[in-house]
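Everything on this sheet refers to the single structure shown next.
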Amino acid sequence: QVQVVESGGGLVQPGGSLRLSCAASGSMFSSYSMGWYRQVPGKLRELVATVTVGDEPGYIDSVKGRFTISRNNAENTMYLQMNSLKPEDTAVYYCNTANIYHMYSWGQGTQVTVSS
């Protein structure tokens with residue numbers, strides 16, 4: 001059974017930065033595009049950033065220019081560098097594949113809180 005573990009979240013003031021990490025188990029990681037998702041109470045989970053096997057990134061407009069996604073296939077790890085954080089970025093952040101047909105079981109996520 002493959003699994004992912006997210007870490008790196010915390011409490012940060014508006015304008016601050018955090019670096020999230022994702023560690024994946026099993027051999028599936030290097031075969032698919034990966035992504036970071038986030039979810040707030042009362043809202044659907046949304047995909048905010050993706051990275052292909054070949055390290056090509058993609059972002060939703062609201063995080064473009066502020067977030068940077070990357071991956072290390074040799075280590076089965078993925079990262080999300082989050083800069084210029086805003087209160088509306090507050091959410092639980094999850095990692096998974098960006099392929100709905102080949103996904104890991106959802107992990108616990110890591111809480112990001114942006115508040116003064």
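Scope of the values below: all heavy atoms of this structure, side chains included, with no hydrogens, waters or symmetry mates.
Annotation: the span from S21 atom OG to Y93 atom OH amounts to 14.5 Å, rounded to 0.5 Å. Between the CG atom in N72 and the OG atom in S30 there is a gap of 11.0 Å [rounded to 0.5 Å].
Legend: residues meeting ring pair (Phe, Tyr, Trp, His ring centres under 6.0 Å) with Y59, ordered by chain and number and at least two apart, are absent. Annotation: salt bridge (charged side-chain N to carboxylate O under 4.0 Å, His left out) contacts of R19 (sequence neighbours excluded): none.
Under the 3.5 Å distance criterion, the side-chain polar atoms of N76 are left unmatched by any main-chain donor or acceptor of S25. Checking side-chain atoms of Y104 against main-chain N and O of F29 turns up a donor-acceptor pair under 3.5 Å. Side-chain atoms of T97 come within 3.5 Å of backbone atoms of H102 as a donor-acceptor pair (strictly under, hydrogens ignored). In terms of modelled atom types and a separation under 3.5 Å, the side chain of E6 and the main chain of C95 share a donor-acceptor contact.
Counting only residues at least two apart or in different chains, salt bridge (charged side-chain N to carboxylate O under 4.0 Å, His left out) contacts with residues 75-91 comprise R38-D89, R66-D89.
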Set out, in order, the CA-CA distance, both residues' side-chain angles and the distance that settles side chain to side chain contact (heavy atoms under 4.5 Å, CB included) for F67 and L85, then state yes or no. CA-CA 9 Å; F67 291 8; L85 283 163; 3.9 Å; yes
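At most 12 non-hydrogen atoms from other residues, nucleotides or ligands lie less than 6.0 angstrom from CD of Q108.
Taking the six-membered ring where tryptophan is involved, the planes of W106 and Y37 are perpendicular, since the angle between them exceeds 60° and thus also 30°.
Residues W36 and V114 are members of one and the same hydrophobic cluster, defined by side-chain heavy-atom contacts under 4.5 angstrom among Ile, Leu, Val, Met, Phe, Trp and Tyr.
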